S.K.: 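Questions regarding the structure given below will be posed in turn.
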Amino acid sequence: MSQKFRNLTGGNISRESPLDFRFNGTLYQGYQGDTLASALLANGVRLVGRSFKYHRPRGVFSAGPEEPSALVQLGSGPLAEPNTRATQVELSANLEAFSQNCWPGVNLDLLSINNVFSAVLPAGFYYKTFMAPRRLWPWYEKMIRKAAGMGTAPDQADPDHYLCSYAHCDVLVVGAGPSGLMSALAAARTGASVMLVDENPAAGGWLQRERLSMDGMPGANWAESIWQELTDLPNVTVRARATAFGYYDHNMVAILERVPGGNDKDLPSQRLWRVRAKRVVLATGAIERPLIFANNDRPGVMLAGAARAYANQYAVRAGSRAVVATNNNSGYLTAVDLADSGIAVAAVMDSRSSVDHTLLGMMEERGIPVDIGHTVHDTRGGKTLGAVRSGATDVIGGSQWMDCDLLAVSGGWSPAVHLHAQTGARPVYSTEIEAFIPGPSKQAEQTIGAARGNYDLEGCLNEGLRAGRQAARLAGFDTPDEDSLSLPETNGETLPYGQEAFWQAPRPGKRSKQFVDIQDDVTTLDIELAHREGYVSVEHLKRYTTLGMGTDQGKTSNINGMALLARLRQEPIPHVGTTTFRPPYTPITLGALAGGETGASVKPRRYTPMHAQHQALDAVFAPLGLWMRPQGYPRRGETMHQCVQREARAVRSAVGLTDVSTLGKISLRGPDAGEFLNRIYVNQFSSLPTGRARYGLMLREDGMILDDGTVTRLSEDAYFMTCTSGNASGVLQHLEYHLEVAWPELEVDLCEVTEQWAAVALAGPLSRGVLQRLCPEGTVDAVRLPAMGAVDTTVAGIPARIIRISFSGELAFEIYVPSSRGGELWDALLVTRDNTEVTPYGMDALEVLRIEKGFIGMGTEADGRTTAEDLGLGRMLSKKKWFVGQLALQRPGLNHANRLKLVGLTPVSPGDELPEGAQVLAQAVATGPGCSIGHVSSAAHSVVLGTAIALALVKGGSLRSGDTVYLADPARGANETIAARVTYPCFYDPEGARQHD
Amino acid sequence: MRPYSALRLLGNAFSGHKNWPRAWRDPEPAKQYDVVIVGGGGHGLATAYYLAKNHGIKNVAVLEKGYIGGGNTGRNTTIIRSDYYQEENSRFYEFSLKLWEGLSEDLNFNIMVSQRGSLQLAHDEGQWSSLSRLANRMRVNGIDAQMISRDELSRLVPILDCSDEARFPVLGAMRQGRGGTARHDAVAWGYARAADRLGVDIIQNCEVQAMEIVNNRVVALNTSRGRIGAGTVGMAVAGHSSHVAAMAGLTLPIETHMLQAMVSEPLKPVLDTVVMAGALHAYVSQTDKGEIVMGSDLEFYPSYAQRGNLPRIEQIAQETLALFPSFSRLRLMRTWGGVNDMTMDGAPVIGHTPVDGLFINGGWCYGGFKATPGSGWAFAETLANQRPAELIAPYSLERFFTGHTIDESGHGPIPQAQ
Amino acid sequence: MQLFNCPWCGPRAHIEFTYIRDHQSVSTRGNGDDPDVQQELDRIYLRSNHLGPHQEIWQHSAGCRGWLRITRNNLTHEVEDCLPCQHGDAP
């Protein structure tokens with residue numbers, strides 16, 4: 001409890017703010033400024049979790065987002081976050097975290113038995129077995145699935161909320177290390193708008209982890225002062241805890257910001273930024289690679305830069321007795337910092353053949369022996385590190401064991417080229433630093449600093465200054481002559497990089513596990529196996545062994561893996577290439593991507609202008625796309641079926657009122673409007689008299705029906721078109737496309753007015769009577785307003801357009817008023833001064849009525865595969881003019897007799913139902929694949945016949961008139977087919993006398 | 001060639017796995033082959049396998065411009081099923097599904113075919129009707145399918161939001177029990193190994209750059225690894241079909257669009273079936289490794305970039321969370337994109353081209369992965385007999401001109417709408 | 001994400017636009033034109049689909065609803081220009 005491994009001074013933590021937290025139920029203490037990883041190490045907690053496949057012990061390996069091992073389940077209940085990197089969790093009061101992927105616990109994990117059987121579990125073992133007996137595979141698979149996965153998904157809704165923002169700037173700088181800070185500052189001073197983001201809570205990047213001095217103060221303090229200076233500039237936006245995770249087309253960078261104190265008040269817990277920048281500067285730093293040797297996965301083995309970070313930034317000794325193994329000069333910085341923080345450094349293993357004598361001097365000062373040409377061969381110690389064995393780089397076996405509980409390894413540094421590569425740019429291999437550096441840019445960006453392979457502080461600062469100025473200039477902002485921005489003075493011990501490639505220590509035994517990917521448990525043996533079996537392309541290697549496919553996406557393992565593959569293939573590394581870099585750079589919360597568009601806000605809802613009226617009548621609503629439409633208005637004690645029958649009957653025998661506001665409505669105007677309609681519709685419209693409406697059919701260019709609707713001529717060159725609700729935007733696009741792209745020479749203006757008009761249909765034998773009382777004298781008499789006539793007038797004093805169209809087959813009037821007055825119209829029509837009851841009816845009743853009449857529905861009969869001829873509307877096709885779709889209709893496949901064609905169906909036994917979606921068969925039982933001769937497209941219970949009726953598409957159509965067919969509905973449990981008779985597809989008033997009254 | 005088995009695995013464990021042979025050879029291309037297949041994805045490799053196995057034609061080469069399975073085979077969301085409505089599709093995909101069922105044994109390579117059911121959700125009455133129609137068609141054709149109620153759905157998939165509060169409340173679903181997933185990379189490797197075992201040459205890093213056509217007959221291919229003579233050539237290059245066909249002067253009814261997909265970090269089992277939601281266009285499942293796989297619409301603009309943009313990723317996240325609100329705190333680990341060869345009716349193009357000896361197999365739209373075994377089988381028969389196999393005869397290039405399009409979605413000649 | 005310079009609205013994100021079709025497949029046929037069925041079917045169904053720049057018809061559907069002819073590379077997504085549709089001729 002006493003933070004045994006915390007130094008009393010030093011670090012960038014707030015010792016005045018101690019924090020309690022729990023790990024696996026045990027209470028510990030840390031400080032504000034700690035990560036969970038640093039706090040665990042401070043308390044001497046080394047064992048954090050278990051690896052994916054072998055369930056080997058895992059601890060803290062790094063100090064950043066590249067962490068492959070220290071994954072915890074953060075929080076519990078609805079706030080649980082599985083697979084969370086302890087190195088990225090900011091310690092907060094009462095934080096709770098748990099080990100994952102272990103049972104019953106991290107100290108005793110029964111699945112570590114996998115480690116015992118690891119010999120039969122090499123890479124790809126599952127491809128070679130579990131194939132027989134076949135019936136056991138599902139059982140094997142269940143076992144595999146149970147053993148797989150890491151954390152556990154929460155099972156409750158997420159209480160946090162997330163928001164998105166857009167931002168535009170002239171220069172976006174990613175990374176607030178030394179080069180990024182200089183870059184942002186230089187750009188800002190030109191007056192350009194600048195955005196600077198960094199994934200850490202504080203600025204400085206690697207300055208936070210080193211003991212460098214800049215302008216006479218610690219590097220970390222210098223960084224904070226620059227950050228503050230930038231924060232105060234009006235043309236600069238700075239964001240900490242903001243990870244740039246994706247680089248997309250045309251210089252758009254996606255950034256995820258963790259908002260501190262999120263979910264208090266109105267703050268989201270995370271904010272997704274989509275930033276469009278004129279120029280981007282990538283200062284994303286470099287990531288350290290480990291060395292590869294036997295049992296290099298033991299907790300206590302960590303990246304040298306991380307051990308140094310824990311000492312310098314967090315004042316935490318990651319062990320008490322350390323060994324450092326390195327192939328470059330940075331390992332010596334670690335040795336110095338560890339020793340100065342109070343850790344006994346037993347030795348430095350340097351795999352290179354010679355070492356700079358300055359470094360040797362530094363080690364001698366501190367009494368640290370250096371073994372040149374040596375490296376670590378093996379470790380031992382159970383669940384945490386106890387000792388290492390070292391030896392010459394080229395001799396198997398190694399010499400002596402050395403006790404230690406911390407092994408800091410440095411295999412070199414790889415520039416973080418991820419964002420650059422996401423743009424499609426190809427990184428190039430630098431033999432100078434034995435790593436991939438950015439190649440030619442594909443977007444308006446530049447990479448600087450360590451991200452470019454420049455590991456020298458002064459060099460980074462210089463680059464930053466130049467890049468910031470250049471980015472601003474390319475964005476249109478020149479550096480003012482009087483800008484006196486100069487570089488800070490640096491006098492810390494930055495050394496040349498000095499790396500000499502050293503990829504793999506000798507293997508002590510045939511079966512020794514030298515790990516390359518310590519999350520997915522991929523060893524050098526696995527890579528050799530993959531190569532032996534021919535999986536030699538880097539992508540095959542990755543997919544076969546799962547190298548780099550864990551949550552760290554190979555940040556500390558990919559390069560090592562590629563180098564090993566290159567050696568096996570006996571080719572230089574650049575020939576092997578890299579795997580593809582993909583967003584996100586680090587894993588990002590799904591909820592943050594969804595932002596505010598969750599729950600009810602996933603998509604908008606569209607309501608008609610009479611929605612309140614429907615609610616007041618207790619309507620039951622059904623969705624049609626985004627629309628909410630009344631399905632029916634059931635009365636107390638009624639089933640929906642009874643309601644629908646009552647409503648339909650009311651329309652046939654008296655009068656009903658339905659809301660048809662969702663119909664697409666388009667206004668057309670111009671001298672060529674008639675010609676335009678002639679080309680769009682299959683039938684003639686230029687000859688339509690003023691004040692008349694006509695039903696029309698429009699086709700796709702391939703001859704299939706696109707939509708039906710009505711067009712009313714309002715004047716010489718003005719028309720009013722309606723089309724089906726579900727198709728409105730498609731029809732609009734079809735019309736606009738033809739006007740703007742295909743026939744720009746036609747003089748027609750077009751405007752969608754779907755939402756400008758509320759619309760109802762008043763239908764039934766008594767409808768005229770109801771309307772007459774609300775309209776000016778004589779306006780709606782049979783003579784003045786004949787069938788398919790139209791008039792602009794008033795209804796109940798509301799300006800209205802009335803068109804005598806009937807979708808129900810009864811005498812009917814479609815009434816259009818400005819949408820703001822729709823409710824008023826509805827109320828006026830429902831309340832009559834005499835005793836006429838006007839029955840509101842919904843979509844289901846309307847369906848019954850139109851099916852009785854055999855009127856086709858878009859999506860049901862006209863399903864995108866039917867022609868006019870198929871649906872009995874062939875006579876509508878004009879022979880006098882060309883129309884869209886006419887030529888394609890001539891294809892033989894669209895004209896043969898055995899196509900699916902529209903018929904009606906009635907049940908042979910009057911009590912039977914005819915289910916919508918049933919398949920139509922010629923025989924009472926299915927006789928084999930392909931035996932279906934059609935399907936029921938629309939079905940209803942007829943109020944005029946008292947039986948079920950249906951419209952169906954059946955091969956040959958009317959050729960089967962009078963035949964008996966059989967309806968099969970086995971998918972909904974019907975064991976027997978239902979016999980039905982093929983009829984003419986109209987069950988009521990085929991001459992249309994009632995609607996022409 | 002020694003087979004794979006648990007016993008062999010155990011035996012090799014003792015020898016440190018040093019004795020596993022190459023899964024497939026890496027031969028130099030010969031000067032001439034009876035059949036050359038352009039495209040080393042699942043379809044091309046399957047074709048080569050069935051040519052050798054079913055027809056005894058072994059003087060075959062598969063030419064792959066990169067590494068095998070590197071195209072759409074390695075980029076899909078691994079779903080297999082046969083819930084198609086149009087008779088030609090129903091017949092084809094069911095044939096393919098039956099091949100999936102025996103594939104691991106046939107290839108002696110565990111493809112990890114996991115038939116744990118696939119669900120298509122209905123969010124309104126119209127969808128319920130059309131899914132019922134589909135399910136009935138399948139049943140009448142002898143294929144397993146059933147409509148299940150909301151309550152049953154809720155029991156099957158407890159984490160699915162079946163409440164009334166969902167933005168698009170679920171009415172029920174169509175379930176195909178034999179639907180599920182398979183390990184996509186393993187399909188390429190399994191077919192490659194099996195074909196190689198029968199004598200087929202698999203030539204990687206070999207890009208076809210031009211075709212030699214004499215008297216309207218293809219006689220050779222000029223590649224990055226030299227000239228290769230061919231008696232018959234089969235193109236199986238998916239999103240690059242137009243590019244390769246253009247080498248023979250052909251224009252196809254195909255437009256290439258990008259499809260993105262993504263995975264979460266690996267989790268303990270939480271979803272054991274495939275869920276597809278028509279209204280929301282999304283599909284979600286969980287791999288054997290524990291990752292949640294998610295996908296949705298195309299990008300809706302033509303692209304060969306294999307890199308997508310953020311809005312579609314956001315949309316996939318929104319749709320997934322609309323179905324599974326409890327996934328909100330899970331993290332997205334990786335996104336990627338593929339090149340989908342979209343045709344003008346949503347069905348593939350397989351069969352003759354106007355050039356003698358040159359056959360096409362492409363235009364698989366969204367259905368390519370599940371079609372792999374059926375496509376390979378039928379294309380092999382086509383190449384062997386120099387005429388379209390009955391199973392895929394309806395998918396001829398001619399159909400657009402004769403009016404025999406096979407339009408599963410009903411959207412017509414709009415490639416981005418298929 | 002892609003940025004299109006709408007001639008009426010200025011630079012806007014691609015999600016505001018709808019891709020309609022390749023310009024090559026546009027027909028300006030009206031009445032009285034020669035009824036060549038084969039040519040019509042070729043136009044409806046065939047696409048060059050080549051790698052590289054294409055002229056594409058897009059609509060600014062969530063903006064001004066203007067119609068554009070965008071010259072865009074389908075591999076690199078580089079945009080050469082965004083012109084109003086009426087500016088262009090038939091394909």
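All figures in this text were calculated on a predicted structure; none of them were measured in a lab. Below, read A as the first sequence line, B as the second, and so on, with proteins coming before strands; counting in each chain starts at 1.
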S.K.: To the nearest 0.5 Å, what is the distance between CZ (Arg133(B)) and NE2 (His935(A))?
M.R.: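 Interatomic distance, Arg133(B) CZ to His935(A) NE2, rounded to 0.5 Å: 4.0 Å.
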S.K.: Between Arg865(A) and Glu408(B), does any side-chain N to carboxylate O distance fall below 4.0 Å?
M.R.: no
S.K.: Measuring only between side-chain heavy atoms, which start at C-beta, is Phe324(B) closer than 4.5 Å to Leu590(A)?
M.R.: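 No, their side chains stay 4.5 Å or more apart.
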S.K.: Give a yes-or-no answer on whether the side chains of Tyr127(A) and Arg183(B) include a donor-acceptor pair shorter than 3.5 Å.
M.R.: yes
S.K.: If I measure from the heavy atoms of chain B, does Pro915(A) come under 4.5 Å with its side chain, its backbone, both, or neither?
M.R.: neither
S.K.: Given heavy-atom pairs under 4.5 angstrom as the criterion, report whether the side chain, backbone, both or neither of Ala80(A) touches chain B.
M.R.: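 Ala80(A) touches chain B through backbone heavy atoms alone.
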S.K.: Roughly how far, to the nearest 0.5 Å, is the CE atom of Met344(B) from the CG atom of Asp702(A)?
M.R.: 11.0 Å
S.K.: Quick check for you: to the nearest 0.5 Å, what is the distance between Lys142(A) atom NZ and Ser114(B) atom OG?
M.R.: 11.5 Å
S.K.: Looking at Asp520(A), Thr551(A), Asn101(A), which hits side chain to side chain contact (heavy atoms under 4.5 Å, CB included) with Pro266(B)?
M.R.: Thr551(A)
S.K.: Do you know which of Glu265(B), Arg137(B), Met147(B), Glu87(B) has the most heavy-atom pairs under 4.5 Å to chain A?
M.R.: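 The option with the most such pairs is Glu265(B).
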S.K.: Under a 3.5 Å cutoff, is there a donor and acceptor pairing between the side chains of Gln553(A) and Arg334(B)?
M.R.: yes
S.K.: If you round to the nearest 0.5 Å, how far is CH2 of Trp24(B) from OH of Tyr535(A)?
M.R.: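 Nearest 0.5 Å value for the OH-CH2 distance: 4.5 Å.
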S.K.: Would you mind telling me which of Thr589(A), Asp160(A), Asp158(A) makes a side chain to side chain donor-acceptor pair (under 3.5 Å) with Ser328(B)?
M.R.: Asp158(A)
S.K.: Which atoms of Leu529(A) are under 4.5 Å from chain B, going by heavy atoms: the side chain, the backbone, both sets, or neither?
M.R.: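 Interface part for Leu529(A): side chain.
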S.K.: If you define the side chain from C-beta out and look only at heavy atoms, does anything of Glu314(B) sit under 4.5 Å from Glu597(A)?
M.R.: no
S.K.: Once rounded to the nearest 0.5 Å, what's the spacing between atom CD of Glu916(A) and atom OG of Ser129(B)?
M.R.: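 Those atoms lie 3.5 Å apart.
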S.K.: Out of the candidates Tyr140(A), Phe130(A), Trp137(A), only one should pair with Met112(B) under the side chain to side chain contact (heavy atoms under 4.5 Å, CB included) rule; please name it.
M.R.: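 Going through the options one by one, the only one that passes is Trp137(A).
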S.K.: To the closest 0.5 Å, what do you measure between CG (Asn19(B)) and CZ (Arg532(A))?
M.R.: 8.0 Å
S.K.: Between the main-chain N or O of Arg145(A) and the side-chain N or O of Asp288(B), is there a donor-acceptor pair closer than 3.5 Å?
M.R.: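 Such a contact is absent between Asp288(B) side chain and Arg145(A) backbone.
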